Novice: 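Before I ask anything, here is the structure I am working with.
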Amino acid sequence: MSAEPAYEFVDANVLVYAFDASAGKKKVAAEQLLAQLWEAGTGGLSVQVLQEFFVTVTGKVAKPLSVEEAADRIREFGAWKVFAPGPNDVLRAIALHKQAKVSFWDAMVVHAAAELGCDVLWTEDLNDGQVIGGVRIRDPFAPKQPSTERGVTEAD
């Protein structure tokens with residue numbers, strides 16, 4: 001019997017970049033991240049993220065997707081672990097918004113990630129490396145940190 005995999009939550013901005021033909025390097029990075037999560041079966045998101053994705057990719061990007069194509073993508077992402085909030089979740093997000101001093105919408109996303117048991121939240125909207133509500137924020141578009149510091153290698 002194996003343990004359940006560690007899920008990783010994806011914010012709407014990452015999904016949008018993966019389907020935005022004008023996003024350049026961010027498109028490539030987002031596509032790679034999504035491919036890894038599909039392969040591992042560890043993707044998570046929320047109804048809010050799916051809603052934001054739909055509104056953005058059908059009207060706010062340079063080359064919008066058709067409504068039908070966006071709906072198809074949402075059906076596909078429905079195979080992931082999806083969080084659907086209720087009234088108590090909104091109240092918890094309000095508390096997190098006050099405590100962590102982040103926007104209400106970001107607090108909803110962080111809360112959703114925590115409720116799904118995700119260790120990581122992939123977003124460019126919060127600070128890379130920050131931990132909020134027990135969830136580590138990761139920016140898939142942040143410059144990669146060098147593995148060595150000041151020329152010292154692990155072999156030294």
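All of these numbers come straight from a predicted model, not from anything done at the bench.
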Novice: Distance-only, no hydrogens or angles: does the K81 side chain make a donor-acceptor pair with backbone N or O of L116 under 3.5 Å?
Specialist: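 It does hold such a pair.
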
Novice: What pair of heavy atoms forms the shortest contact from A30 to A18, and how long is it?
Specialist: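 Minimum heavy-atom contact is CB-N, 3.6 Å.
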
Novice: Kindly state each residue pair satisfying salt bridge (Lys or Arg N to Asp or Glu O under 4.0 Å) with at least one member in residues 32-41, sequence neighbours excluded.
Specialist: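 Checked against salt bridge (Lys or Arg N to Asp or Glu O under 4.0 Å) - neighbours excluded - no pair reaches residues 32-41.
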
Novice: Identify, with sequence neighbours excluded, every residue that meets side chain to side chain contact (heavy atoms under 4.5 Å, CB included) alongside A35.
Specialist: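 Not a single residue meets the side chain to side chain contact (heavy atoms under 4.5 Å, CB included) criterion with A35.
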
Novice: With sequence neighbours left out, write down each residue that passes side chain to side chain donor-acceptor pair (under 3.5 Å) with N127, or none if nothing qualifies.
Specialist: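 Partners of N127 by the side chain to side chain donor-acceptor pair (under 3.5 Å) criterion come out as none, since no residue qualifies.
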
Novice: Can you list the other members of the hydrophobic cluster that holds Y7, where links are side-chain heavy atoms under 4.5 angstrom apart?
Specialist: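 Besides Y7, the cluster holds no residue at all.
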
Novice: Could you measure the distance from the CD1 atom of I74 to the CG atom of L50? Nearest 0.5 Å is fine.
Specialist: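 Reported value, rounded in 0.5 Å steps: 5.5 Å.
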
Novice: Are any of the side-chain heavy atoms of P140 and V14 separated by less than 4.5 Å?
Specialist: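 Result yes, sub-4.5 Å side-chain heavy-atom pair found.
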
Novice: Just how far is it from atom CD of Q32 to atom CG of L37, taken to the nearest 0.5 Å?
Specialist: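 Reported to 0.5 Å precision, the distance equals 12.0 Å.
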
Novice: Which residues pass the side chain to side chain donor-acceptor pair (under 3.5 Å) test with R138, not counting sequence neighbours?
Specialist: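 Here no residue qualifies.
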
Novice: Flag the pair L126 / V110 as yes when at least one side-chain heavy-atom distance between them is below 4.5 Å, and no otherwise.
Specialist: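 Yes, close enough: below the 4.5 Å cut-off.
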
Novice: Holding to side chain to side chain contact (heavy atoms under 4.5 Å, CB included), I want the full list of residues that pass it with A100, two or more places apart in sequence or in another chain.
Specialist: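 In terms of side chain to side chain contact (heavy atoms under 4.5 Å, CB included), with neighbours along the sequence ignored, A100 is linked to L96, V102, I132.
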
Novice: Starting from V109, can I reach V47 by hopping between I/L/V/M/F/W/Y residues whose side chains sit under 4.5 Å apart?
Specialist: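 Yes; V109 is reachable from V47 via cluster members.
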
Novice: Which heavy atom of A142 sits nearest to which heavy atom of D128, and what is that distance?
Specialist: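 Heavy-atom minimum between the residues: CB-OD2, 4.0 Å.
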
Novice: Kindly state each residue pair satisfying ring-ring contact (aromatic ring centres under 6.0 Å, His included) with at least one member in residues 25-51, sequence neighbours excluded.
Specialist: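 Passing the test, one end in residues 25-51: W38-F77, W38-W80.
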
Novice: Can you list the other members of the hydrophobic cluster that holds V90, where links are side-chain heavy atoms under 4.5 angstrom apart?
Specialist: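 Joined to V90, directly or through intermediates: L91, I94, F104, W105, M108.
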
Novice: Write out all pairs satisfying side chain to side chain donor-acceptor pair (under 3.5 Å) with one or both partners inside residues 106-124, taking only residues at least two apart or from two chains.
Specialist: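 Every side chain to side chain donor-acceptor pair (under 3.5 Å) pair that includes a residue of residues 106-124, provided the two are not neighbours, is E8-W122, D11-T123, N13-T123, Y17-E124, K26-E124, D89-H111, S103-D106.
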
Novice: Got a sec, which residues hit salt bridge (Lys or Arg N to Asp or Glu O under 4.0 Å) with D125, two or more places apart in sequence or on another chain?
Specialist: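 In terms of salt bridge (Lys or Arg N to Asp or Glu O under 4.0 Å), with neighbours along the sequence ignored, D125 is linked to no residue.
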
Novice: Show me the donor-acceptor pairs within less than 3.5 Å that the side chains of residues 56-68 make with the rest of the protein, sequence neighbours left out.
Specialist:
unit_1	atom_1	unit_2	atom_2	d
T56	OG1	E52	O	2.9
T58	OG1	F54	O	2.6
S66	OG	E69	N	3.0

Novice: List the residues meeting salt bridge (Lys or Arg N to Asp or Glu O under 4.0 Å) with K27, not counting sequence neighbours, and say none if there are none.
Specialist: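 Residues passing salt bridge (Lys or Arg N to Asp or Glu O under 4.0 Å) with K27: E31.
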
Novice: Quick one: do V135 and V120 satisfy side-chain contact (heavy atoms from CB on, under 4.5 Å)? Show the steps, please.
Specialist: CA-CA 6 Å; V135 178; V120 172; 5.8 Å; no

Novice: Centroid separation under 6.0 Å, is that true for the rings of F83 and F9?
Specialist: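 Centroid distance F9-F83: not below 6.0 Å, so no.
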
